[in-house]
Amino acid sequence: MVIGLKYQYFETLKSNNDFKKVYNNKKSYANKLLVMYVKKNGTDTIRLGVSVSKKVGNSIVRHRLARLIRESFRLHSKNIIRGLDVVVVARASLKGCSYNETDSAMLHLMKLHKIMKEDL
RNA sequence: UGAGUAGCACAGAUGAUUGCGGCUGCAAUUGCCAAAAGGCAGCAGGUGAGGAAAGUCCGGGCUUCAUAGGGCAGGGUGCCAGAUAACAUCUGGUGGAGGCGACUCUAAGGAAAGUGCAACAGAAAUAAACUGCUAAUAUAUUUAUAUUAUAAUUUAUUUAUAGUAUAAAUAUAUUGGUGAUGGUGGAAAGGCAGUGUAAGAGACUACCGCAAAGCUGGCAACAGUUUUGGCUAUGUAAACCCCACUCGAAGCAAGACCAAGAUAAAAGCGAUACGGCUGCCCGUCGUGCUUUUAGGUAGGUUGCUUGAUUUUAUUGGCGACAGUAAAACUAGAUAGAUAAUCAUCACACGAUUGCGUGGACAUAACCCGGCUUAUCGUGCUGCUCAUUUU
RNA sequence: GCGUCGCUAGCUCAGUUGGUAGAGCACCUGACUCUUAAUCAGGGUGUCCAGGGUUCGAACCCCUGGCGACGCA
């Protein structure tokens with residue numbers, strides 16, 4: 001039981017090349033607050049990359065938005081299909097939004113991409 | 001009570017659930033890997049951003065490189081004394097400016113070492129000329145007086161014209177005197193008042209200012225005072241410059257260690273070798289394999305948090321600060337952790353007593369000392385001024 | 001971490017030993033034309049990024065800050 005917990009967690013995209021691969025797949029959906037890119041990576045894990053431009057705000061704002069996105073993704077990661085690279089880009093209108101707004105925007109995009117497991 | 005001034009402290013608190021990064025532990029009894037050391041995961045415990053962490057504007061530690069010694073160039077600083085590891089910082093003074101005051105501000109050396117610049121305006125911008133004032137002489141003109149001549153008129157006389165003399169004024173010229181009158185300007189030749197003079201002028205006088213020398217006080221900057229002197233010397237050095245002091249360069253992506261792959265060298269094996277076509281032979285094509293060493297890429301480890309540290313007490317000092325003693329250990333990430341939700345309390349605002357809304361600026365990245373800038377609000381202390389009351 | 005450069009009219013840019021800021025395009029007005037364009041004549045529309053300081057005087061010199069661009073490791 002202890003071993004299985006590892007698969008609840010997700011890894012992060014680190015290098016610039018990883019981001020470029022996801023962008024070049026050109027599968028994206030967007031709403032007012034966020035843009036989401038998805039690509040199958042052929043492994044058993046989920047990998048998340050968060051990108052917040054300098055136009056959005058200063059370091060405090062950017063860091064907070066990244067944390068909100070990461071928290072939302074973490075809480076939903078149980079229900080996401082394995083083997084995906086996901087990149088989430090925050091838009092300028094996300095500045096000042098609360099966790100609930102961010103969470104609903106994430107859910108909306110995940111439904112559009114159909115990466116949620118049907119049951120549960 | 002109101003207005004102000006100087007400074008200090010804080011930067012919401014507690015709890016619950018779900019999470020993240022370091023650290024410690026898992027011992028006889030957590031799981032997996034491993035010969036072991038240990039690693040990965042899990043569990044438990046404890047811990048986890050600031051007053052500015054920001055800007056990167058100064059200074060230092062640390063590291064590497066360079067460096068016999070000295071000088072030039074270039075940069076920085078610039079009243080005095082002190083503090084400090086050091087500083088463009090700080091403390092205490094001095095001078096200056098502002099404020100009724102508490103208090104605040106002050107890049108504040110040198111302009112007789114030299115060079116440059118000073119638009120427009122103004123006579124003229126550093127230095128004389130011009131203009132002005134004024135004396136004498138000459139000439140000219142005008143006026144007044146005196147006198148002479150002529151003419152007219154009349155009783156005397158008077159009037160007109162011309163000449164001469166004297167005086168005054170004006171103009172011109174010459175020879176002198178004088179030195180600031182000249183609208184401007186940021187700045188105009190010490191200021192102001194008087195005496196004086198042909199006219200004037202520090203030429204002289206009083207007061208003020210300036211300079212030099214002496215004395216007193218002070219470590220010093222400087223202050224006070226006395227005497228003397230002449231009034232000559234514009235401003236600008238955040239213009240060049242001079243003087244005094246001072247500065248080697250680069251930066252933790254510094255640097256150190258380990259080290260895949262690839263490269264190079266050496267040694268060994270192999271031309272009877274190894275590999276492919278091809279199961280074997282022939283044929284043909286290619287040249288390797290192992291070990292060690294070297295520098296060292298990717299990557300990893302370290303540098304890396306025990307320090308000019310923090311807190312308390314005490315001693316010295318006006319103070320910055322320094323000494324002594326005791327206690328404490330308080331983030332260390334590496335695409336980058338410190339979050340989400342809820343409850344209660346406190347605070348602010350709005351409503352009016354139930355409630356609703358709200359949380360400034362800003363996220364460590366080797367470490368310190370400062371400076372500058374941003375900022376919701378809260379609390380406290382010293383002092384000043386005004387008004388009222390006692 | 002260290003360093004360099006820039007910010008001037010609506011746009012692109014000049015402007016230095018400090019003296020009241022200009023060029024081209026655009027724009028506005030008028031002329032020409034049946035009308036438009038082209039052409040001609042006239043017009044400057046500006047917080048010289050912001051705030052302090054030095055100076056008689058600052059776009060220019062000095063300091064502090066803001067924004068933007070770039071370079072090295």
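Just so we're clear, the structure is a prediction, and the values are computed from it rather than from any experiment. Chain identifiers are assigned alphabetically (A, B, ...) following the order of the sequence lines, protein sequences preceding nucleic acid strands; residue numbering begins at 1 within each chain.
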Enquirer: Is any side-chain heavy atom of A:L34 less than 4.5 Å from a side-chain heavy atom of A:V89?
Expert: no
Enquirer: What is the pairing partner of B:A6, taking Watson-Crick or G-U wobble pairs with both distances under 3.5 Å in any strand?
Expert: B:U381
Enquirer: Between B:U334 and B:C20, how far is it from one C1' atom to the other, in whole Å?
Expert: 15 Å
Enquirer: Could you please name the partner base of B:G70, counting Watson-Crick and G-U wobble pairs only when both distances are under 3.5 Å?
Expert: none
Enquirer: Could you summarise the pairing of RNA chain C as dot-bracket text, marking Watson-Crick and G-U pairs under 3.5 Å with ( ) or [ ] inside the strand and | across strands?
Expert: ((((((((.[[[[.)...(..]]]].(((((.......))))).....[[[[[..)....]]]]]))))))).
Enquirer: Under 3.5 Å for both donor-acceptor distances, Watson-Crick or wobble: does B:U363 have a partner, and if so which one?
Expert: none
Enquirer: Measure from CG on A:L65 to P on B:G336 and round the result to the nearest Å.
Expert: 15 Å
Enquirer: Could you state the interatomic distance from CE (A:M110) to OG (A:S72), rounded to the nearest 0.5 Å?
Expert: 5.0 Å
Enquirer: Say we look at B:U292 and B:A260: how far apart would their P atoms be, to the nearest angstrom?
Expert: 11 Å
Enquirer: Rounding to the closest angstrom, what is the interatomic distance between C:U17 and C:A41 at atom P?
Expert: 33 Å
Enquirer: Across all strands shown, which nucleotide pairs with B:U236 by Watson-Crick or G-U wobble geometry, both distances under 3.5 Å?
Expert: B:G116
Enquirer: Suppose you measure atom C1' in B:A180 against the same atom in B:U134; what distance do you get, rounded to whole Å?
Expert: 15 Å
Enquirer: Give none if B:A259 has no partner; otherwise give the nucleotide forming a Watson-Crick or G-U wobble pair with it, both distances under 3.5 Å.
Expert: none
Enquirer: When you compare the side chain of A:M36 with that of A:V87, does any pair of heavy atoms fall below 4.5 Å?
Expert: no
Enquirer: Any protein N or O atoms within reach of nucleotides 339-341 of chain B? Criterion: under 3.5 Å, listing atom names and distances.
Expert:
residue	atom	partner	partner atom	Å
B:A340	OP1	A:R64	NH1	2.2
B:A340	OP1	A:R64	NH2	2.8

Enquirer: Using atom C1' of each nucleotide, how far apart are B:A189 and B:A127 to the nearest Å?
Expert: 11 Å
Enquirer: Is there a side-chain contact between A:D85 and A:K40 (heavy atoms, below 4.5 Å)?
Expert: no
Enquirer: Counting Watson-Crick and G-U wobble pairs only, both distances under 3.5 Å, name the nucleotide matched with B:G224, or none.
Expert: B:C215
Enquirer: Take the protein atom CZ of A:F73 and the nucleotide atom P of B:C20, then report the distance between them rounded to whole Å.
Expert: 15 Å
Enquirer: State the CE-CG distance between A:M106 and A:L68, to the nearest 0.5 angstrom.
Expert: 10.5 Å
Enquirer: Does A:H113 use its side chain to pair, donor to acceptor, with the backbone of A:V38 at less than 3.5 Å?
Expert: no
Enquirer: Heavy atoms, side chains only, cut-off 4.5 Å: are A:F73 and A:V50 in contact?
Expert: no
Enquirer: For B:A325 versus B:A86, give the span between their C1' atoms, rounded off to a whole number of Å.
Expert: 29 Å
Enquirer: Identify the nucleotide, in any strand shown, that forms a Watson-Crick or G-U wobble pair with B:A343, with both distances under 3.5 Å; if there is none, say none.
Expert: B:U14
Enquirer: With a 3.5 Å limit on both atom pairs, tell me what B:U161 is paired to, counting Watson-Crick and G-U wobble, or say none.
Expert: B:A149
Enquirer: Which value, in whole Å, describes the distance between the C1' atoms of nucleotides B:G332 and B:A53?
Expert: 14 Å
Enquirer: Ignoring hydrogens, what is the shortest heavy-atom contact between A:V35 and A:A30? Give both atom names and the distance.
Expert: CG2-CB, 3.9 Å
Enquirer: Between B:U205 and B:C231, how far is it from one P atom to the other, in whole Å?
Expert: 12 Å
